[in-house]
There are 2 protein chains.
Amino acid sequence: MAKSAGEAKATLKPPGNQPKTARGEATRKAILSAAERVIGAKGYNDASIGHITSEAGVAQGTFYIYFSTKEQVFSELVLEMGRLVRHTIAEATQGVEDRLEAEKAGLTAFLEFVCAHPDLYRIVQEALFVDPHAYRVYYQTFAAGYQAGLEAAQEAGQISKGDAETRAWALMGIGRTLGEQLVVFKSDKPISEIVASGHDLIVNGIKP
Amino acid sequence: MAKSAGEAKATLKPPGNQPKTARGEATRKAILSAAERVIGAKGYNDASIGHITSEAGVAQGTFYIYFSTKEQVFSELVLEMGRLVRHTIAEATQGVEDRLEAEKAGLTAFLEFVCAHPDLYRIVQEALFVDPHAYRVYYQTFAAGYQAGLEAAQEAGQISKGDAETRAWALMGIGRTLGEQLVVFKSDKPISEIVASGHDLIVNGIKP
DNA sequence: ATGAAACATGAACCAGTATTCATGTATCAT
DNA sequence: ATGATACATGAATACTGGTTCATGTTTCAT
């Protein structure tokens with residue numbers, strides 16, 4: 001019942017137009033992927049529709065067959081980034097019983113991900129201005145999952161007691177900034193070293 | 001000698017025009033402060049010169065008496081933000097002998113600062129796209145200072161040994177994200193609590 | 001085959017806005 | 001007083017770039 005209504009008037013969003021053919025599907029993907037590269041490289045404002053479509057190898061008007069607005073393609077990228085990151089980390093920590101080990105695996109996976117997708121990484125930051133809602137969703141979803149994980153680990157006695165919400169944000173911040181050091185500031189330090197130092201900090205702190 | 005040359009051709013930057021009168025000084029400040037509010041609120045692109053000047057209570061042309069370009073006023077804001085933050089933290093940690101205590105004082109000062117200047121905080125993030133150079137300078141300067149402090153504390157045996165560079169970035173990330181939680185996500189958690197939890201994490205880690 | 005739906009094109013439209021400029025007005029040293 | 005310099009104005013300029021549209025072309029069910 002709730003489902004049938006959603007089709008006619010799109011309870012949540014009018015997504016431009018969804019392709020109905022394999023050809024359309026391919027074109028839409030081409031545009032989306034071009035947008036990722038172009039926006040990631042030049043930023044939202046300097047990335048014109050013309051740039052994006054020419055990178056995708058289609059005419060300018062084609063863009064508006066699949067996206068109703070420039071902002072929409074951006075939002076979609078942010079959403080996709082969120083799903084990808086969470087999926088990547090979930091996969092990497094799958095089956096790791098010890099939380100401290102899971103932290104290490106998660107941090108490693110995250111840093112590898114941002115190295116593989118430097119564009120997407122920058123895009124999320126710009127969302128704070130271009131699409132604040134997407135930005136909030138991105139971080140709040142991530143933080144909520146993180147917090148739940150920490151709380152479970154506390155119950156299990158795998159980590160010390162503490163304010164899981166603040167911890168979640170703080171740990172997220174560590175990953176974020178270390179990722180930025182890699183991608184934005186182009187550090188050549190190997191990921192394994194960064195993870196080792198970062199993880200030691202997370203586990204033991206800095207007290208003598 | 002070095003000075004006299006600097007005047008004619010500005011070795012470092014042509015700062016639009018520096019005012020030479022108290023009146024000019026005041027106008028320039030008014031524009032800069034209006035720019036902070038407007039850009040902070042609407043973002044760089046949606047903040048037009050018209051918005052800024054009308055907020056400042058001057059005509060549009062007046063802007064170009066003091067700034068040669070829209071980007072320049074932005075850069076100046078980022079630079080100012082950097083100086084302000086570093087100054088604020090330096091002041092707060094002044095004379096605190098123990099590094100662990102200094103961390104707490106610094107984190108508190110930082111969070112209080114971002115609460116007092118939410119606009120400036122957002123502006124720095126946007127610099128990644130609008131003025132990447134200013135962005136890099138901001139974080140690298142901050143990180144370098146942080147790292148030096150950590151290294152000194154290590155020598156003094158006040159904190160454990162570890163990769164000071166990575167630690168500096170990680171700790172910066174904690175402050176950054178906790179500040180964001182406050183300002184962007186409007187958490188109502190009192191700063192003292194956030195600091196307590198964050199500081200405990202920094203000092204002791206999360207191991208059981 | 002064939003008509004309709006989906007897809008594609010790129011030139012034209014148009015709104016917004018950064019920047020310039022010709023024309024004033026205030027301030028101050030002499 | 002008076003000329004010079006700093007400061008202020010706001011309309012005009014110039015250009016960018018998102019979006020639309022009239023016109024094709026491809027795909028596919030029947």
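Values reported hereafter were calculated over all heavy atoms of this structure, with side chains retained and with hydrogens, waters and symmetry mates removed. Quick caveat: nothing in here was measured; it's all calculated off a predicted structure. Every chain is numbered from 1 and lettered A, B, ... according to where its sequence line falls, protein lines coming before strand lines.
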Given atom [atom1] of [X] and atom [atom2] of [N], what is their separation to the nearest angstrom?
X: B:Lys20; N: C:dT27; atom1: NZ; atom2: C1'; value: 15 Å
X: A:Ile31; N: C:dA8; atom1: CD1; atom2: C1'; value: 10 Å
X: B:Ile65; N: C:dT23; atom1: CD1; atom2: P; value: 17 Å
X: A:Gln18; N: C:dC7; atom1: CD; atom2: P; value: 10 Å

Taking only residues two or more places apart in sequence, or in another chain, which ones meet [X] in a side-chain contact (heavy atoms from CB on, under 4.5 Å)?
X: A:Glu80; answer: A:Leu32, A:Leu77, A:Arg83, A:Leu84
X: A:Ser197; answer: B:Asp163, B:Thr166
X: A:Tyr138; answer: A:Met81, A:Val85, A:Val124

Applying a 4.0 Å non-hydrogen cut-off, can you work out what B:Ala26 is touching in the nucleic acid: base, sugar-phosphate, or nothing? nothing
Given side chains that start at C-beta, do those of B:Pro19 and B:Thr27 come closer than 4.5 Å, heavy atoms only?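 A side-chain contact is absent here, since even the closest heavy-atom pair is not under 4.5 Å.
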Gap between atom CG of B:Leu150 and atom CD1 of B:Ile159 - 0.5 Å precision: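 Answer rounded to 0.5 Å: 5.0 Å.
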CD of A:Glu76 to CG of A:Asp131: how many Å apart, nearest 0.5 Å?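 Those atoms lie 11.0 Å apart.
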Mutual orientation of the aromatic rings belonging to A:Tyr121 and A:Phe110 [parallel < 30°, tilted 30-60°, perpendicular > 60°]: perpendicular
Does OP1 or OP2 of C:dC7 have a side-chain N or O of A:Thr21 closer than 4.0 Å?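 So the side chain of A:Thr21 is within the cut-off, an N or O lying under 4.0 Å from OP1 or OP2 of C:dC7.
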What pairs meet the salt bridge (Lys or Arg N to Asp or Glu O under 4.0 Å) rule with one or both residues in residues 168-185 of chain B, with sequence neighbours excluded? A:Arg176-B:Glu180, A:Glu180-B:Arg176
With heavy atoms of chain B within less than 4.0 Å as the criterion, where does contact along DNA chain D begin and end?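 Using the under 4.0 Å cut-off, the span is D:dA6 to D:dG10.
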Contact list (N/O, under 3.5 angstrom) for nucleotides 10-17 of chain C vs protein:
{"from": "C:dG10", "atom 1": "N7", "to": "A:Gly61", "atom 2": "N", "distance (Å)": "3.3"}

